[in-house]
Amino acid sequence: MENKKIIFSGVQPSGNVTLGNYLGAIKNWVDLQEEYNCIYAMMDLHSITVRQNPQELKKKTLDLLALYIACGIDPEQNILFVQSHNHCHAELSWVLNCYTYMGELQRMTQFKDKSKNHADNINAGLFTYPVLMASDILLYQTDLVPVGKDQMQHIEICRDIAERFNGIYGDVFKIPEGFMPKAGAKVMSLQEPTKKMSKSDENPKAYISMLDDLNVIAKKIKSAVTDSEGIIEYREGDETKAGINNLITILSAVTGKSIESIVSEYSGKGYGDFKADVAEAVVECIRPIRAEFDKISQDKKYLTDIYEDGAMKATRIAERTLKKVYKKVGFVV
Ligand code: ATP
Ligand code: LTN
């Protein structure tokens, strides 16, 4: 790998990738790949913090790889791998568990939200999820972690754990920075626009999957919840405007137009026309990705070669950090 700064990020194969995942994370990965050495994983270890169907998990993991590539991530230039194929993630996670406090994990918003949504399965993995995520990032001496807004709290705790460890043992880990897109860092649910769009939402109308039929995508946008005011205006923080704010943000993220120019373009127009335009813009953004996905996902040999090669490269890099950690804590290596 050339001497560039390092990016690490990933998505869980816990469902079909949504427009939120794409605009909040993957689109940025594509934009940053020239400038950085990038490592992108399918986070299967994280996904089992919520119960998964084994056959589906396997399929979704391979679909996710195909989708990364279809979105424009170049597998020749970047390392793409399955998290569980690199033994270092679970191993470093154990060590870092011993340097993380219960109190700081208890404050994590994602843990609180997921505990509410999965009250029958509040497992220890869900609680220590941020430690595994910190391990993912720190193993590669990562400089930058492009994620959506919901993950910034996890980047903060990762930095805290790394600083604590470095404070005891010297400079073992690089302290990473989070990186969010200007538009689309938090795409909201189409049905409850005060909640984030999530791929594991039980109501499929709430999210747009990158693998939905194109006319289903258009329909979902046209039936997005808005308000009865009938004014296309962006009002940050005004909950009654959450639906319209969200559609404006989506349009801005997929077209690259600023929020101000969208608002002035649609001033005096009705929600019907506006939604139809948002629907068309989203469909046109997803259409080529979808076509590429349909091609790549058929080619199992191509995908296998990529993730096998990726696992080898990722493990080689991660083992260097893990060995350093083991030495520092006093394990016989
Ligand atoms: P789950 O519903 O299973 O928790 P998710 O849809 O929240 O999944 P993740 O795999 O947790 O997706 O997230 C992958 C990446 O997508 C992360 O960088 C995350 O910040 C980003 N992301 C997730 N949802 C959104 C959203 N609604 N808007 C912007 N970015 C998002
Ligand atoms: N927790 C992330 C997925 C994830 C991740 C990572 C993202 C797991 N490990 C490391 C960036 C870096 C999420 O999106 N829920």
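Start at 1 and go down the list; that is how both ligands and their atoms are numbered.
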Please classify the [X] to ligand 2 contact at 4.0 Å (heavy-atom distances, strictly less than): side chain, backbone, both or neither.
| X | answer |
| --- | --- |
| Val145 | side chain |
| Gln83 | neither |
| Val147 | side chain |

May I ask which of [options] has a heavy atom nearer to [atom] than the others do?
| atom | options | answer |
| --- | --- | --- |
| atom 7 (C) of ligand 2 | Gly10, Pro176, Ala134, Gly148 | Gly10 |
| atom 29 (C) of ligand 1 | Gly10, Gly148, Ala185 | Ala185 |
| atom 7 (O) of ligand 1 | His46, Met197, Met133, Lys196 | Lys196 |

Ionic contact status for [Y] with [X], cut-off 4.0 Å:
| X | Y | result |
| --- | --- | --- |
| Lys59 | Asp63 | yes |
| Glu229 | Arg235 | yes |
| Lys241 | Glu236 | no |
| Lys313 | Asp309 | yes |

Within the 3.5 Å criterion, strictly below it, is a donor on [X] or [Y] matched to an acceptor on the partner's side chain?
| X | Y | result |
| --- | --- | --- |
| Gln33 | Asn78 | yes |
| Thr240 | Asp227 | no |
| Asn203 | Asp201 | no |
| Gln153 | Thr109 | yes |
| Lys199 | Ser14 | yes |

Considering non-hydrogen atoms of the protein only, which is the closest contact for [atom], and what is the distance?
| atom | answer |
| --- | --- |
| atom 17 (C) of ligand 1 | Gln151 CG, 3.9 Å |
| atom 20 (O) of ligand 1 | Asp150 OD1, 2.6 Å |
| atom 11 (O) of ligand 1 | Gln12 NE2, 3.1 Å |
| atom 31 (C) of ligand 1 | Gly20 O, 3.4 Å |
| atom 6 (O) of ligand 1 | Lys199 N, 3.0 Å |
| atom 28 (N) of ligand 1 | Val187 N, 2.8 Å |
| atom 3 (O) of ligand 1 | Ser14 OG, 2.8 Å |
| atom 16 (O) of ligand 1 | Asn21 ND2, 3.1 Å |
| atom 1 (N) of ligand 2 | Tyr129 OH, 2.6 Å |

Could you point out which residue of Tyr40, Tyr22, Phe179 forms a ring-ring contact (aromatic ring centres under 6.0 Å, His included) with Trp29?
Tyr40
Once the angle between the rings of Tyr140 and His89 is folded into 0 to 90°, is it parallel (under 30°), tilted (30 to 60°) or perpendicular (over 60°)?
tilted
Per-atom contacts of ligand 2 with [X], taking only distances under 4.0 Å to non-hydrogen atoms:
| X | result |
| --- | --- |
| Ile137 | 10 (C), 12 (C) |
| Met43 | 4 (C), 6 (C), 8 (C), 9 (N) |
| Gln12 | 15 (N) |
| Phe8 | 10 (C), 12 (C) |
| Asp136 | 6 (C), 8 (C), 9 (N), 10 (C) |

For the atom pair CG (Asn215) and NZ (Lys220), what is the distance rounded to the nearest 0.5 Å?
11.5 Å
Which ligand 1 atoms does Gly184 reach within 4.0 Å, using its non-hydrogen atoms?
29 (C)
Proximal ligand 1 atoms for Lys186, defined as those under 4.0 Å from one of its heavy atoms
28 (N), 29 (C)
Got an N/O contact under 3.5 Å between Ser9 and ligand 2?
no
Any side-chain to backbone donor/acceptor pair from Asn21 onto Thr18? Under 3.5 Å, distance only.
yes
Is a side-chain donor or acceptor of Thr142 paired with a backbone partner of Ile137 at a separation under 3.5 angstrom?
yes
Side chain proximity check, Thr226 to Phe274, heavy atoms < 4.5 angstrom:
no
When you compare ligand 1 with Ser200, is there at least one nitrogen or oxygen pair between them that comes in under 3.5 angstrom?
yes
Tell me whether the count of non-hydrogen atoms from other residues, nucleotides or ligands lying under 6.0 Å of NZ in Lys112 goes above 12.
yes
For Ser198, which part has a heavy atom under 4.0 Å from ligand 1: side chain, backbone, both, or neither?
both
When you look for heavy atoms under 4.0 Å from ligand 1, do you find them on the side chain of Ala25, its backbone, both, or neither?
side chain
Gly15 near ligand 1, heavy-atom distance under 4.0 Å?
no
Does Lys114 come within less than 4.0 angstrom of ligand 1, counting non-hydrogen atoms of the residue?
yes
